Protein chains: 2
Amino acid sequence: MGSVDTWAALGDQTRRSILARVVRQPGSVTDLARDLPVSRPAVSQHLGVLLRAGLVDVRPHGRQRIYSARLDGLASLRGELEAFWSEALRNLKRVAEDDYHHTGE
Amino acid sequence: MGSVDTWAALGDQTRRSILARVVRQPGSVTDLARDLPVSRPAVSQHLGVLLRAGLVDVRPHGRQRIYSARLDGLASLRGELEAFWSEALRNLKRVAEDDYHHTGE
DNA sequence: CAAATGCGTAAGTTACTACTTACGCATCAG
DNA sequence: CTGATGCGTAAGTAGTAACTTACGCATTTG
């Protein structure tokens with residue numbers, strides 16, 4: 001149903017920890033909750049958000065659900081950030097050149 | 001004083017719009033507020049968050065305050081995201097190799 | 001089949017966040 | 001000096017987000 005904004009999903013520190021953990025090694029909900037200072041249901045809810053944001057994948061495995069990082073989710077973020085970056089760089093250069101022409105010529 | 005988590009700062013859509021606008025062209029608060037669906041004080045508060053997150057800079061200019069994007073703030077984000085990315089890629093490759101050895105040999 | 005395990009979700013609470021209007025201070029124009 | 005402009009901040013509010021405990025369903029184990 002409703003999707004989740006990718007940036008907003010990463011706005012939460014706990015969620016970033018979960019994602020970092022999952023990036024390192026896929027794992028079940030109980031597994032992930034073991035290393036975190038919050039309850040298992042909380043982790044389950046966070047994983048739901050990450051799932052809707054397209055940052056993780058689930059795969060049923062017996063009575064567990066194994067979550068893993070989704071590469072294309074990270075890729076889209078990377079692309080968006082890169083757009084910010086390159087435009088900032090370009091405009092910074094432009095401003096510097098303007099300064100040069102103003103003071104130099 | 002207190003700083004602000006960079007990711008959390010970008011978690012808000014309005015703040016991303018402001019940053020995108022400032023990346024394109026530095027401007028005063030009133031300037032920025034003109035293109036946005038929120039009030040000027042709201043923009044001012046958001047700029048405060050972006051400032052504490054190290055994503056923008058201010059420079060007084062007469063009775064205006066000109067905000068501009070901060071390149072190193074974006075750079076640190078880029079680095080952190082890149083770390084996620086490369087580790088995900090590496091581990092994905094490792095898992096693929098494990099699969100190969102399990103099924104192939 | 002019965003007990004145990006792993007999970008999602010419902011329900012409720014608390015805390016924060018994004019926004020508004022109102023105000024007060026500084027700076028420039030006439 | 002006087003009025004106007006640009007800004008930050010205080011104060012209040014509505015919505016949301018992160019967490020908890022409790023429960024119920026599915027799957028494996030003995």
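None of these values were measured; they are calculated from a predicted model. Lettering follows sequence order; numbering is per chain, from 1.
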Asks: To the nearest Å, give me how far apart CZ (Arg52(B)) and P (dG8(D)) are.
Replies: 13 Å
Asks: What is the bend of the helix from dC1(C)-dG30(D) to dG30(C)-dC1(D) when you compare the axis at one end with the axis at the other, using five pairs each and rounding to 10°?
Replies: 30°
Asks: Going by side chain to side chain donor-acceptor pair (under 3.5 Å), name the residues that satisfy it together with Glu82(B), two or more places apart in sequence or in a different chain.
Replies: Arg78(A)
Asks: Identify the heavy atoms of Leu74(B) and Leu55(B) that sit nearest to each other, and give their distance.
Replies: N-CD2, 4.1 Å
Asks: Using atom CG of Asp12(A) as one end and atom C1' of dT16(D) as the other, report the distance to the nearest whole Å.
Replies: 13 Å
Asks: Suppose we screen for salt bridge (Lys or Arg N to Asp or Glu O under 4.0 Å). Which residues come up paired with Arg24(A), at least two apart in sequence or across chains?
Replies: none
Asks: Does a side chain donor of either Ser76(B) or Glu80(B) reach within less than 3.5 Å of an acceptor in the other side chain?
Replies: no
Asks: Once salt bridge (Lys or Arg N to Asp or Glu O under 4.0 Å) is applied, do any residues pair with Asp57(B), and if so which ones, sequence neighbours excluded?
Replies: none
Asks: Find which nucleotide of DNA chain D each of Ser28(B) and Pro37(A) is nearest to by heavy atoms, and output the residue with the more 5' nucleotide.
Replies: Ser28(B)
Asks: Provide, to the nearest angstrom, the distance between the CG atom belonging to Leu47(A) and the C1' atom belonging to dT9(C).
Replies: 14 Å
Asks: Using a cut-off of under 3.5 Å, enumerate the N/O to N/O pairs linking the protein to nucleotides 22-30 of chain C.
Replies:
| from | atom 1 | to | atom 2 | distance (Å) |
| --- | --- | --- | --- | --- |
| dT27(C) | O2 | Arg63(B) | NH1 | 3.4 |

Asks: Could you tell me the separation between the CD1 atom of Ile18(A) and the P atom of dA18(D), rounded to a whole number of Å?
Replies: 11 Å
Asks: In whole angstrom, what separates Arg65(A)'s CZ from dA26(D)'s C1'?
Replies: 11 Å
Asks: Is there a donor and acceptor pair, one atom on the side chain of Gln45(A) and one on the base of dT20(D), closer than 3.5 Å?
Replies: yes
Asks: Output yes when at least one side-chain N/O atom of Tyr67(A) is less than 4.0 Å from OP1 or OP2 of dG8(C), else no.
Replies: yes
Asks: Kindly work out whether a path of hydrophobic side-chain contacts (I/L/V/M/F/W/Y, heavy atoms less than 4.5 Å apart) joins Leu10(A) to Trp85(B).
Replies: yes
Asks: What is the distance from CG of Asp5(B) to C1' of dA17(D), rounded to the nearest Å?
Replies: 16 Å
Asks: Reckon Thr14(B) has a side-chain N or O less than 4.0 Å from the OP1 or OP2 of dC19(C)?
Replies: yes
Asks: Between C1' on dC16(C) and CD on Gln13(A), what's the gap in Å once rounded to a whole number?
Replies: 16 Å
Asks: Which is more 5' along DNA chain C, the nucleotide nearest Val29(A) or the one nearest Ser39(B)? Just name the residue.
Replies: Val29(A)
Asks: For the side chain of Arg15(B) and the backbone of Ala9(B), is there at least one donor-acceptor N/O pair under 3.5 Å apart?
Replies: yes
Asks: When clusters are formed by joining ILVMFWY residues with side-chain heavy atoms under 4.5 Å apart, either directly or through shared neighbours, do Phe84(A) and Val4(B) land in the same one?
Replies: no
Asks: Can you identify which nucleotide, out of dC19(C), dT21(D), dG6(C), has its nearest atom closest to the Gln64(A) side chain?
Replies: dG6(C)
Asks: Just jot down the side chain to side chain donor-acceptor pair (under 3.5 Å) partners of Gln25(B), sequence neighbours excluded, or say none.
Replies: none
Asks: Give a yes/no on whether any side-chain N or O of Ser44(B) is located under 4.0 angstrom from OP1 or OP2 of dC7(D).
Replies: no
Asks: Report the distance from atom NE2 of His46(A) to atom P of dG8(C), rounded to the nearest whole Å.
Replies: 13 Å
Asks: With clusters defined by side-chain heavy atoms of hydrophobic residues (ILVMFWY) lying less than 4.5 Å apart, directly or transitively, does Val49(B) cluster with Leu77(B)?
Replies: no
